[in-house]
Amino acid sequence: MKFVDEVSIFVKAGDGGNGMMSFRREKFIEKGGPNGGDGGDGGSVYLEADENLNTLVDYRYTRRFNAPNGEKGGSTECTGAKGDDLILPVPVGTTVIDAATQDVIGDLTKAGQRLLVAQGGWHGLGNTRFKSSTNRAPRQTTPGKPGDARDLKLELKVLADVGLLGLPNAGKSTFIRSVSAAKPKVADYPFTTLIPNLGVVSVGRYKSFVVADIPGLIEGASEGAGLGIRFLKHLARTRLLLHLVDMAPLDESDPADAAEVIVNELEKFSPALAQRDRWLVLNKADQLLEEDHDERVQRVVDRLEWDGPVFVISALEREGTEALSQAIMRYLDERAVRIAEEPAYAEALAELDRQIEDEARARLQELDDQRALRRAGVKPVDEVDEDDFDDDDDDEGGAEIFYVR
């Protein structure tokens with residue numbers, strides 16, 4: 001199944017049915033009076049979170065969805081049938097955005113949660129509604145109201161407790177394979193991870209958490225380079241970030257440089273996301289010589305001026321992974337208790353989440369706009385230089401223009 005985390009769709013709610021103009025006509029009954037019924041309401045469009053879905057691929061090719069219209073009213077005061085509501089299932093973690101205004105309509109973060117995205121049109125009134133003591137034979141009716149129509153943008157953000165950050169080949173997929181039952185692709189070349197992977201880590205009876213692995217970041221990712229920038233938004237809803245660093249890279253590059261690249265790209269993409277609690281995980285320790293081990297670890301810590309938790313592991317040999325998993329579980333439990341007991345802390349986290357969402361969406365929209373300008377052959381404003389404008393000397397030898405009042 002192809003992983004699709006962004007789609008644009010058009011939804012149209014059903015129109016309301018028109019009211020009926022009718023008069024009672026029966027044998028032996030004179031002046032029967034009006035009996036036109038009301039129309040039916042149009043069907044509304046809802047999005048519903050479905051825990052059995054994990055991608056938006058169903059909306060990749062079918063992008064227009066129309067709810068049924070309401071039926072028109074009938075005679076003998078019969079009301080028209082109401083249009084059935086249209087319910088579109090989406091994965092849990094889907095954000096719904098109005099494409100015209102870029103306003104967030106809602107987030108579907110719980111299974112079974114339902115969101116109204118297009119209201120059905122109201123029914124029209126039949127002429128029975130207008131009869132009175134002075135208007136015995138009304139010929140007024142009202143038409144049904146049109147249903148709402150909207151262009152929507154759906155964004156899927158995976159829901160995970162822990163998110164993994166790192167350059168390609170840092171060992172993120174190997175780490176997930178070692179601590180969970182997930183089996184993402186692992187190979188000895190970079191960019192083996194093309195889509196986010198989720199793994200459930202069990203650390204005891206009834207205790208577990210979810211880890212999300214995204215494609216590796218590269219230098220310049222915040223400007224659109226590589227694959228990882230498109231998936232950084234999936235880390236917006238995590239509670240903890242693990243920054244994995246390859247301590248024994250094949251190209252013999254400095255691990256401290258690699259660690260610094262990730263920090264810089266994260267801050268450029270979203271300063272708020274860089275404020276999320278983050279732990280430093282130094283991987284592939286089994287490939288280090290004993291005499292180089294402490295020196296390399298200290299060099300990375302010093303370069304980043306790191307004062308947070310540091311873990312040295314070997315995901316391939318599963319060395320240190322159990323202790324790391326236990327520490328993560330303790331952190332998540334303590335965090336949950338603190339949120340419940342300290343309203344100020346909970347509000348601060350909620351505000352940070354909102355900032356991350358806003359900054360991530362704004363950055364991705366900016367990159368999309370720049371890409372559209374390049375396709376159209378138009379330079380962005382910040383790339384326009386003086387050479388793009390004609391000098392006064394360019395008009396020499398051309399036609400002379402006189403302005404006459």
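- Side-chain atoms of Thr128 and Asn35 include no donor-acceptor pair closer than 3.5 Å.
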Practice task
Under the side chain to side chain contact (heavy atoms under 4.5 Å, CB included) rule, what do Thr141 and Arg129 come out as? Steps first, then yes or no, please.
Solution key: CA-CA 8 Å; Thr141 61; Arg129 296 279 192 174; over 6 Å; no

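- Contacts classified as salt bridge (Lys or Arg N to Asp or Glu O under 4.0 Å) and involving residues 79-95 (residues at least two apart or in different chains) are given here: Lys82-Asp85.
- Asn18 contributes atom CG, which lies 8.0 Å from atom OG1 of Thr142 (distance to the nearest 0.5 angstrom).
- Residues in residues 115-151 take part in no ring-ring contact (aromatic ring centres under 6.0 Å, His included) pair, two or more places apart or across chains.
- In this structure, the side chain of Arg278 engages the main chain of Ala274 through a donor-acceptor pair within 3.5 Å.
- Glu6 places none of its side-chain heavy atoms less than 4.5 Å from the side chain of Leu156.
- Nearest approach of Pro255 to Met247, heavy atoms of both residues: CG-O, 3.8 Å.
- Looking only at atom types and distance, the side chain of Thr79 has no donor-acceptor partner in the side chain of Asp38 under 3.5 Å away.
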Exercise for the section: Could you check Glu347 against Arg354 for salt bridge (charged side-chain N to carboxylate O under 4.0 Å, His left out), going step by step and ending with a plain yes or no? Expected result: CA-CA 11 Å; Glu347 179 58 31; Arg354 286 191 289 269; 3.0 Å; yes

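- Between Val104 and Val96 the shortest side-chain heavy-atom distance does not fall below 4.5 Å.
- Leu242 is listed as a side-chain neighbour of Leu240, based on a closest heavy-atom distance under 4.5 Å.
- Between Val201 and Val211, the shortest heavy-atom contact is CG2-CG2, 3.7 Å.
- The stretch residues 136-151 participates, sequence neighbours left out, in these salt bridge (Lys or Arg N to Asp or Glu O under 4.0 Å) pairs: Asp98-Arg150.
- Expressed to the nearest 0.5 Å, how far CD1 of Ile262 lies from CG of Leu244 amounts to 10.0 Å.
- In this structure, Asp161 contributes its side chain and Val210 its backbone to a donor-acceptor pair below 3.5 Å.
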Sequence neighbours left out, cut at 3.5 Å: what donor-acceptor pairs do the side chains of residues 67-76 make with other protein atoms?
residue	atom	partner	partner atom	Å
Asn69	OD1	Asp15	N	2.8

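- Side-chain contact between Met20 and Asn127 is absent, with no heavy-atom pair separated by less than 4.5 Å.
- Residues Lys172 and Leu165 share a closest heavy-atom pair of CD-C, 3.8 Å.
- With a 6.0 Å radius and a threshold of 12 heavy atoms from other residues, nucleotides or ligands, Glu351 has its CD atom above the threshold.
- Partners of Glu319 according to the side chain to side chain donor-acceptor pair (under 3.5 Å) rule, which considers only residues two or more places apart in sequence or in another chain, do not exist here.
- Between Asp277 and Arg335 there is no salt bridge, since no side-chain nitrogen of the basic residue lies less than 4.0 Å from a carboxylate oxygen of the acidic one.
- Taking the side chain as every heavy atom from C-beta outward, Leu152 and Ile105 approach each other to under 4.5 Å.
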Table please: side-chain donor-acceptor pairs of residues 86-94 below 3.5 Å, with sequence neighbours left out.
residue	atom	partner	partner atom	Å
Thr94	OG1	Pro91	O	2.7

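- Taking the side chain as every heavy atom from C-beta outward, Met329 and Asp333 approach each other to under 4.5 Å.
- Considering only residues two or more places apart in sequence or on other chains, Thr134 meets the side chain to side chain donor-acceptor pair (under 3.5 Å) condition with Ser132.
- Here the side chains of Leu349 and Ile339 are in contact, with some heavy-atom distance below 4.5 Å.
- No side-chain heavy atom of Ile328 sits less than 4.5 Å from a side-chain heavy atom of Val203.
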Handout entry: Arg299/Glu295 under salt bridge (charged side-chain N to carboxylate O under 4.0 Å, His left out): CA gap, chis, key distance, verdict
Key = CA-CA 6 Å; Arg299 188 187 308 165; Glu295 178 186 353; 3.2 Å; yes

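- For residues 301-313, the salt bridge (Lys or Arg N to Asp or Glu O under 4.0 Å) pairs, not counting sequence neighbours, are Asp254-Arg303, Asp257-Arg303, Glu260-Arg303.
- Scanning both residues, Leu273 and Glu359, for their nearest heavy atoms gives N-OE1, 4.5 Å.
- Identified under the salt bridge (Lys or Arg N to Asp or Glu O under 4.0 Å) test for residues 106-121, with sequence neighbours left out: Glu48-Arg114, Asp107-Arg237.
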Problem - side chain to side chain contact (heavy atoms under 4.5 Å, CB included) between Asp58 and Tyr61, intermediate numbers included - result: CA-CA 7 Å; Asp58 294 335; Tyr61 304 106; over 6 Å; no

Exercise for the section: Determine, stepwise, if the pair Glu341 / Val337 fulfils side chain to side chain contact (heavy atoms under 4.5 Å, CB included). Expected result: CA-CA 6 Å; Glu341 295 179 351; Val337 172; 3.6 Å; yes

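- The shortest heavy-atom contact between Asp50 and Asn52 is OD1-N, 2.9 Å.
- Gln119 places no side-chain N or O within 3.5 Å of a backbone atom of Leu116 that could act as its donor or acceptor partner.
- Counting only residues at least two apart or on different chains, the ring-ring contact (aromatic ring centres under 6.0 Å, His included) pairs with a member in residues 331-372 are Trp279-Tyr331.
- The two atoms that bring Ala259 and Val300 nearest to each other are CB-CG1, 4.0 Å, heavy atoms only.
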Donor-acceptor contacts, no H, no angles, side chain residues 309-316, under 3.5 Å, sequence neighbours left out:
residue	atom	partner	partner atom	Å
Ser314	OG	Asp286	OD1	2.7
Ser314	OG	Glu317	N	3.3

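- Judged by distance alone, the side chain of Ser178 and the main-chain N or O of Phe175 form a donor-acceptor pair under 3.5 Å.
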Handout entry: Chi angles and distances behind the side chain to side chain contact (heavy atoms under 4.5 Å, CB included) call for Val263, His243
Key = CA-CA 9 Å; Val263 174; His243 180 179; 3.9 Å; yes

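- With sequence neighbours left out, the ring pair (Phe, Tyr, Trp, His ring centres under 6.0 Å) criterion links Tyr46 to no other residue.
- For the pair Glu342 (side chain) and Arg338 (backbone), a donor-acceptor distance under 3.5 Å is absent.
- Under a 4.0 Å N-O distance rule, the pair Arg318/Glu322 does not qualify as a salt bridge.
- Each of Val11, Asn66, Ile9 was evaluated against Val45; a single residue qualifies, Val11, per the side chain to side chain contact (heavy atoms under 4.5 Å, CB included) test.
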